[in-house]
**Q** 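Input: one structure, supplied below.
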Amino acid sequence: MILITGASSGIGEACARQFAARGRDLILVARRLDRLESLARELRDQHSVQVHCFELNVTDFKAVSELVASQPSLFTRVDTLINNAGLGKGLDPIQSGNPEDWDVMIDTNIKGLLYVTRVILPLMIQKKRGHLILMGSVAGRWTYPRGNVYSATKYAVKGLTESLRLDLLGTGIRVTEIAPGMVETGFSEVRLGDAEKAKAVYAGMTPLTANDIADAVVWAEGRPQHVNIQEIVIYPTDQASPSVVQRKAPKDAP
Ligand SMILES: NC(=O)c1ccc[n+]([C@@H]2O[C@H](COP(=O)([O-])OP(=O)(O)OC[C@H]3O[C@@H](n4cnc5c(N)ncnc54)[C@H](OP(=O)(O)O)[C@@H]3O)[C@@H](O)[C@H]2O)c1
């Protein structure tokens with residue numbers, strides 16, 4: 001059973017599709033339950049797998065713990081947790097940044113990831129088996145102008161991945177970080193609050209797709225039990241660092 005946070009869109013949704021195609025049962029959580037339910041219907045029909053969906057805001061520790069406590073036999077079956085829910089909000093220098101955006105990013109990308117991990121890990125430890133996959137970012141390795149707080153949250157994901165691997169040594173639980181560069185998903189629209197501005201982020205270059213990242217997740221998860229993939233960093237060929245991107249001039253440019 002694979003638990004995916006943030007499965008209602010983008011990378012989480014692509015992971016759900018790829019794992020279902022391999023016959024794996026799923027628990028999908030996000031705030032937009034309608035999107036999860038329509039995805040679940042499709043995956044059950046196409047692949048005859050079990051798909052359980054729950055509306056969950058990962059920033060609410062009480063909600064996270066109550067959900068897991070309310071379905072003990074279901075969540076005990078979780079072998080792999082994909083801690084994917086996350087977001088960027090705003091793109092401003094710190095001196096004019098919006099503290100509300102900072103709170104949302106810190107609450108979701110760091111605290112939400114910790115809350116879900118805290119509740120699921122004891123169940124995995126009991127079984128002496130499990131795999132935590134954390135969605136980091138190249139922004140958690142190299143920062144970029146106005147990336148500040150988003151970048152800091154993804155540096156935290158890198159730090160937590162390292163800490164988890166140390167704390168879990170001897171338990172049989174694997175810990176992997178996936179660190180993508182630019183992936184065209186709902187991410188930029190959520191960050192910039194505008195579909196046109198989001199489209200411009202990928203103008204003239206070929207970004208990664210959510211499926212490219214799901215490929216890496218599925219590969220890391222599918223290694224034999226004694227193999228722990230520590231981290232996978234994936235850039236589009238057109239991107240050399242978070243802020244160095246090769247773009248073609250528009251066809252109609254003078
Ligand atoms: N796209 C990129 O370029 C890129 C690059 C590097 C890393 N990443 C990371 O990849 C992860 C997935 O992002 P994406 O690109 O697939 O973006 P996306 O299409 O916007 O998907 C984000 C997912 O996170 C969920 N989410 C956000 N806040 C949540 C909350 N409080 N509680 C529960 N779920 C929440 C959203 O679901 P609801 O809105 O339904 O709750 C959605 O399913 C994020 O951690 C992001 O930082 C993305």
Side-chain angles (χ1 to χ4, degrees), residues 3-18 27-40 53-64 67 81-91 101 103-116 133-144 147 149-158 160-161 177-193 195 198-199 201-202 205-214 216-217 231-236 238-239 241-243 245:
L3 167 57
I4 305 175
T5 69
S8 61
S9 170
I11 295 169
E13 177 182 337
C15 289
R17 289 181 183 283
Q18 288 210 20
I27 305 174
L28 308 180
V29 301
R31 293 165 303 177
R32 288 172 292 176
L33 185 60
D34 53 333
R35 291 178 65 111
L36 293 180
E37 282 177 339
S38 90
L39 174 63
C53 305
F54 299 100
E55 179 178 340
L56 183 69
N57 185 337
V58 295
T59 68
D60 180 346
F61 182 63
K62 190 163 172 279
V64 172
L67 171 65
L81 163 60
I82 303 175
N83 257 316
N84 164 75
L87 76 184
K89 272 273 170 203
L91 195 58
D101 289 345
D103 287 347
V104 174
M105 289 188 277
I106 291 167
D107 286 351
T108 312
N109 301 357
I110 305 178
K111 291 163 72 180
L113 177 149
L114 277 170
Y115 294 162
V116 178
I133 299 182
L134 293 82
M135 201 53 64
S137 171
V138 296
R141 282 158 176 74
W142 305 277
T143 191
Y144 53 100
V149 176
Y150 176 71
S151 232
T153 66
K154 292 300 183 178
Y155 273 84
V157 173
K158 180 171 169 52
L160 290 170
T161 309
E177 185 196 355
I178 309 287
M182 292 166 77
V183 191
E184 193 164 9
T185 60
F187 180 85
S188 290
E189 193 169 338
V190 169
R191 183 172 211 176
L192 303 172
K199 214 167 151 216
V201 170
Y202 311 103
M205 57 88 64
T206 306
L208 298 166
T209 65
N211 248 327
D212 295 325
I213 307 307
V217 171
E231 57 186 23
I232 304 180
V233 180
I234 314 170
Y235 272 114
D238 285 344
Q239 185 183 20
S241 86
S243 54
V245 177

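Just follow the structure's listing: the first ligand is 1, and inside any ligand the first atom is 1.
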**Q** Any side-chain heavy-atom pair from Cys53 and Leu33 closer than 4.5 angstrom?
**A** yes

**Q** Measure the shortest side-chain to side-chain distance between Asp238 and Met182 over non-hydrogen atoms and say whether it is less than 4.5 angstrom.
**A** no

**Q** Would you say the side-chain atoms of Asn211 and Thr209 include a donor-acceptor pair closer than 3.5 Å?
**A** no

**Q** Is the closest side-chain heavy-atom distance between Trp142 and Val233 below 4.5 Å?
**A** yes

**Q** At less than 4.0 angstrom from any atom of ligand 1, which residues have a non-hydrogen atom? List them by chain and residue number.
**A** Gly6, Ala7, Ser8, Ser9, Gly10, Ile11, Ala30, Arg31, Arg32, Leu56, Asn57, Val58, Thr59, Asn84, Ala85, Gly86, Thr108, Met135, Gly136, Ser137, Tyr150, Lys154, Pro180, Gly181, Met182, Val183, Thr185, Gly186, Phe187

**Q** Taking all non-hydrogen atoms of both residues, which atom of Gly6 and which atom of Asn84 are closest, and how far apart?
**A** O-ND2, 3.0 Å

**Q** Could you check if a side-chain atom of Leu67 sits within less than 4.5 angstrom of a side-chain atom of Val29, using non-hydrogen atoms only?
**A** yes

